[in-house]
Undergrad: 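Following this message is one structure expressed as structure tokens.
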Amino acid sequence: RRLPVPWQTQEARKGPGRLSPGCQTGSHSGGRAQLLLRCRLVCSLWRDLIDLVTLWKRKCLREGFITEDWDQPVADWKVFYFLRSLHRNLLHNPCAEEGFEFWSLDVNGGDEWKVEDLSKDQRKEFPNDQVKKYFVTSYYTCLKSQVVDLKAEGYWEELMDTTRPDIEVKDWFAARPDCGSKYQLCVQLLSSAHAPLGTFQPDPAMIQQKSDAKWREVSHTFSNYPPGVRYIWFQHGGVDTHYWAGWYGPRVTNSSITIGPPLP
């Protein structure tokens, strides 16, 4: 059957800046974004409407993705809007609030992984006051991992292959003041066949006994990676270097993987 042209539809008569919620891309909704992009194929008028730069700039401003005085260059406002709508931490349960839910315990040595509460003093020192727990390792190596399925999280294949937005990885770790420890991290960008297309694996951090025990951040941004990224594998952990029974190895928490431009 014939499809209505834009000026015959109720949505179009509202104007490009006043599309109803059903026609707008909501937060974390890659499916809606793809549906809207498919509307470009209806006819040239729909294409021109959806490609309007002013439409996407107004939507970004309304959603708080940019400020009134925004002066940074944006190559494609439509893509910018979609990436900002999807932007969030893609790692589930990064701060141990749900125990080990969503994590795979790859290596569980010594007295095994454990979840502990940040003390009041530790909460004062940690830069994010929302973090209240952490994971802690033991006297034999402890490693845990999580795999992010990008398509399931709303990042469709064309977006990842054509735009290849920056992928930022962060992790926080700390040692105990009374015991030395070794912390390690490995993050890989994987293809649909789980072949590595990019790897971040810094040298293990060796922390000496009687250290300041401060929380430290490690971060990395993947840019200009090959097309075909479909998954992200994140693994971290460590071991105490004195082999003391209990949980004297590095502590980790507040891990994150985010894609695309951050909020202003």
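Heavy atoms only: backbone and side chains are in, while hydrogens, waters and symmetry mates are out. Numbers for residues simply follow the sequence, beginning at 1.
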Undergrad: Without hydrogens or angle criteria, can the side chains of Asp106 and Gln235 be said to hold a donor-acceptor pair below 3.5 Å?
TA: yes

Undergrad: Is the number of heavy atoms from other residues, nucleotides or ligands under 6.0 Å of Lys114 NZ greater than 12?
TA: yes

Undergrad: Could you check whether Asp161 pairs with Arg230 (Lys NZ or Arg NE/NH1/NH2 to Asp/Glu carboxylate O, under 4.0 Å)?
TA: yes

Undergrad: Are the side chains of Thr241 and Met206 in touch, meaning some heavy atoms are under 4.5 Å apart?
TA: yes

Undergrad: A side-chain contact here means heavy atoms from C-beta on lying under 4.5 Å apart; do Trp172 and Val252 qualify?
TA: no

Undergrad: Are any non-hydrogen side-chain atoms of Trp215 and Arg251 less than 4.5 angstrom apart?
TA: yes

Undergrad: Establish, from distance only, whether the side-chain atoms of Asp171 and Tyr183 form a donor-acceptor pair under 3.5 Å.
TA: yes

Undergrad: When the ring centroid of Tyr139 is compared with that of Trp244, is the distance short of 6.0 Å?
TA: no

Undergrad: Would the number of heavy atoms belonging to other residues, nucleotides or ligands and lying under 6.0 Å from NZ of Lys182 be above 12?
TA: no

Undergrad: Is a donor on one side and an acceptor on the other found under 3.5 Å between the side chain of Tyr155 and the backbone of Leu83?
TA: no

Undergrad: Taking atom OH of Tyr140 as the centre, report whether more than 12 heavy atoms of other residues, nucleotides or ligands fall under 6.0 Å from it.
TA: no

Undergrad: Identify the two heavy atoms, one from Val239 and one from Thr141, that lie closest to each other, and give their separation to 0.1 Å.
TA: CG2-N, 3.7 Å

Undergrad: Is the shortest side-chain heavy-atom distance between Leu185 and Phe234 below 4.5 Å?
TA: yes

Undergrad: Using side-chain heavy atoms (C-beta onward) and a distance below 4.5 Å, is Asn254 in contact with Cys95?
TA: yes

Undergrad: Assess whether side chain to side chain donor-acceptor pair (under 3.5 Å) is satisfied between Asp117 and Tyr134, documenting all intermediate values.
TA: CA-CA 6 Å; Asp117 294 326; Tyr134 58 82; over 6 Å; no

Undergrad: Does atom CD of Glu217 have more than 12 heavy-atom neighbours, drawn from other residues, nucleotides or ligands, at distances under 6.0 Å?
TA: yes

Undergrad: Assess the pair Phe82 and Trp156: is the distance between their ring centroids shorter than 6.0 Å?
TA: yes

Undergrad: Taking the six-membered ring where the residue is Trp, are the ring centres of Tyr248 and Tyr243 under 6.0 Å apart?
TA: no

Undergrad: Would you please indicate yes or no on a ring centroid separation below 6.0 angstrom for Trp103 and Phe100?
TA: no

Undergrad: Checking Asp166 against Ser223: is there a side-chain donor and acceptor pair closer than 3.5 Å?
TA: yes

Undergrad: Which pair of non-hydrogen atoms, one from His236 and one from Ser255, has the smallest distance, and what is that distance?
TA: CE1-OG, 3.3 Å

Undergrad: One thing to verify: whether Glu63 and Arg84 come together as a salt bridge, which I'm taking to mean a side-chain N less than 4.0 angstrom from a carboxylate O.
TA: no

